[in-house]
2 protein chains.
Amino acid sequence: MYQTQKAHLAARARIIKAMGHPSRLFIIEELGRGERCVFDLTAMIGADVSTVSKHLTVLKQAGIVLDDKRGNQVFYRLRVPCILNFFGCVESVMEAQRKEHLALAERVAR
Amino acid sequence: MYQTQKAHLAARARIIKAMGHPSRLFIIEELGRGERCVFDLTAMIGADVSTVSKHLTVLKQAGIVLDDKRGNQVFYRLRVPCILNFFGCVESVMEAQRKEHLALAERVAR
DNA sequence: TGGCTTTTTGGCTATATTGCCAAATAGGGG
DNA sequence: CCCCTATTTGGCAATATAGCCAAAAAGCCA
């Protein structure tokens, strides 16, 4: 039941896991607006360049982004733009949580 | 640029991270077919019950599943079924990778 | 109550991830 | 060639995650 799908699920998990970090989510969103070089992303995130570079490597190895070296800069872009739709659902989970907390708060208040 | 969104991105990341594990992906898909108790999920996955229980806790804390105790069993179900659509995009990343590997293989063959 | 089933919790080890610094690599332009 | 900028790599410490076992908790039923 699980064993037969395990390899496939592991492949999926690798991709999803690569998105499960605030900085990497930021990068994905930013690349949704167009390609960016490491230097610019680093400035926006405010972490060490090496850290951002490693985040980009994670996204690249997961197949989420592509890199393109031009001169002494490396530009990254999304490989599959639909990644962005992805977030609608995540938001609805967060929305459901907000509603529940509100409902709970009201119940406590009564 | 990033700092202002950081909390929101971290909240998103928590949810996505919770999905980034093969067993948890399996659970999500299985719950897409209907509610399941811990015991049944454990049988399907083939890990220790305590391990599966912990995976379910992760999903629950992320707001992805809800639990419902009936008798001495606990039934889990998806809180937001759209989670399943989610995977279409992940598949397209995998599809893009497959195509690229094929193209690469052809290039090498020539 | 005692025994059985189901689930969660605590504790432990092994492994993975994150982030920084320092150093290496690579490209461009005097 | 040397210097400057951009990026990656190596290494390290701190923290987080995953999985198992053993034990606790909770419900049912006789």
Side-chain angles (χ1 to χ4, degrees), chain A residues 2-3 5-7 9-28 30-31 34-77, chain B residues 2-3 6-7 9-28 30-31 35-77:
Chain A
Y2 170 70
Q3 294 304 319
Q5 309 178 46
K6 197 166 179 179
L9 289 170
R12 273 192 184 180
R14 252 187 76 243
I15 295 168
I16 295 175
K17 213 162 137 188
M19 292 191 271
H21 186 285
S23 298
R24 294 198 293 263
L25 284 181
F26 176 83
I27 290 170
I28 291 171
E30 189 56 31
L31 296 186
E35 62 171 23
R36 298 284 185 270
C37 71
V38 182
F39 187 81
D40 289 346
L41 290 171
T42 300
M44 292 186 257
I45 293 174
D48 194 272
V49 202
S50 68
T51 301
V52 174
S53 176
K54 279 175 183 169
H55 282 311
L56 287 164
T57 301
V58 170
L59 291 172
K60 187 170 130 187
Q61 287 182 345
I64 295 170
V65 303
L66 291 172
D67 60 337
D68 184 15
K69 186 162 205 166
R70 295 206 292 278
N72 60 349
Q73 291 177 296
V74 180
F75 290 88
Y76 283 86
R77 65 178 190 279
Chain B
Y2 170 71
Q3 295 303 319
K6 196 166 180 179
L9 289 170
R12 273 192 185 181
R14 252 186 77 242
I15 296 167
I16 294 174
K17 213 161 138 190
M19 291 192 271
H21 186 286
S23 299
R24 295 198 291 264
L25 284 180
F26 176 83
I27 290 170
I28 290 171
E30 188 57 30
L31 296 185
E35 62 172 23
R36 298 284 186 270
C37 70
V38 182
F39 188 80
D40 289 346
L41 289 171
T42 299
M44 291 187 258
I45 292 174
D48 194 89
V49 202
S50 68
T51 300
V52 174
S53 176
K54 279 175 183 170
H55 282 312
L56 287 163
T57 301
V58 170
L59 291 172
K60 187 170 128 187
Q61 286 183 345
I64 295 170
V65 303
L66 292 172
D67 61 336
D68 185 15
K69 185 162 206 167
R70 294 206 294 276
N72 62 348
Q73 292 176 295
V74 180
F75 290 88
Y76 283 86
R77 64 178 189 280

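To find a chain, count down the sequence lines: A is the first, B the second, and so on, and within it residues start at 1.
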Hey, does the side chain of B/T42 reach the backbone of B/V38 with a donor-acceptor pair shorter than 3.5 angstrom?
-> yes
For A/D68 and D/dA6, what is the distance between atoms CG and P respectively, to the nearest whole Å?
-> 17 Å
Side chain of B/T51 - closest among D/dC20, D/dA18, C/dC20 = D/dC20
Short side-chain N/O contact from B/Y76 to OP1 or OP2 of C/dT6, under 4.0 Å = no
Can you tell which of C/dT7, D/dA18, D/dG27 lies closest to the side chain of B/R24?
-> D/dA18
Closest to the side chain of B/K69, out of D/dT9, D/dC21, D/dA26, is D/dA26
To the nearest angstrom, the CZ-P distance between A/F75 and C/dG27 comes to 15 Å
In whole angstroms, how far is the C1' atom of C/dG19 from the NZ atom of B/K6?
-> 11 Å
Can you find a side chain N or O atom of A/S53 that sits less than 4.0 Å from OP1 or OP2 on D/dT8?
-> yes
Given atom CG of B/D48 and atom C1' of C/dT13, what is their separation to the nearest angstrom?
-> 15 Å
Side-chain atoms of A/K54 come closest, of D/dT9, C/dG11, D/dC21, to D/dT9
Could you check how far CZ of A/F26 sits from P of C/dG19, rounded to whole Å?
-> 14 Å
CG of B/L59 versus P of C/dT8: gap in Å, rounded?
-> 12 Å
Rounded to whole angstrom units, what separation is found between the CZ atom of A/R14 and the P atom of C/dT17?
-> 10 Å
Relative to the ring of A/H55, is the ring of A/H21 parallel (under 30°), tilted (30 to 60°) or perpendicular (over 60°)?
-> tilted
Is the CZ atom of A/F39 crowded by more than 12 outside heavy atoms at less than 6.0 Å?
-> no
Would you confirm whether B/R14, through its side chain, and B/Q61, through its main-chain N or O, come within 3.5 Å as a donor-acceptor pair?
-> yes
Which nucleotide in the set D/dC20, C/dT8, D/dT8 lies at the smallest distance from any side-chain heavy atom of B/A47?
-> D/dC20
Table of protein N/O atoms under 3.5 Å from nucleotides 2-5 of chain D N/O atoms:
from	atom 1	to	atom 2	distance (Å)
D/dT5	O2	A/N72	ND2	3.2

Do any side-chain nitrogens or oxygens of A/H55 fall under 4.0 Å of OP1 or OP2 in C/dT17?
-> no
Answer yes or no: is there a side-chain heavy-atom contact under 4.5 Å between B/E30 and A/Y2?
-> no
With a non-hydrogen cut-off below 4.0 angstrom, is A/S50 in contact with a base, only sugar-phosphate, or nothing?
-> base
How do A/G71 and A/H21 order along DNA chain C: which one's closest nucleotide is nearer the 5' end?
-> A/H21
Protein-nucleotide distance (B/D40, atom CG; C/dT6, atom C1'), rounded to Å = 11 Å
Taking atom CG of B/L41 and atom CG of B/L31, what is their separation to the nearest 0.5 Å?
-> 6.0 Å
For D/dT17, does either OP1 or OP2 sit under 4.0 Å from a side-chain N or O belonging to A/K17?
-> no
Give a yes or no answer on whether the side chain of B/R24 reaches the backbone of B/L59 with a donor-acceptor pair at less than 3.5 Å.
-> no
Look only at the side chain of A/R70 and the backbone of A/F75, and say whether a donor-acceptor pair between them is shorter than 3.5 Å.
-> no
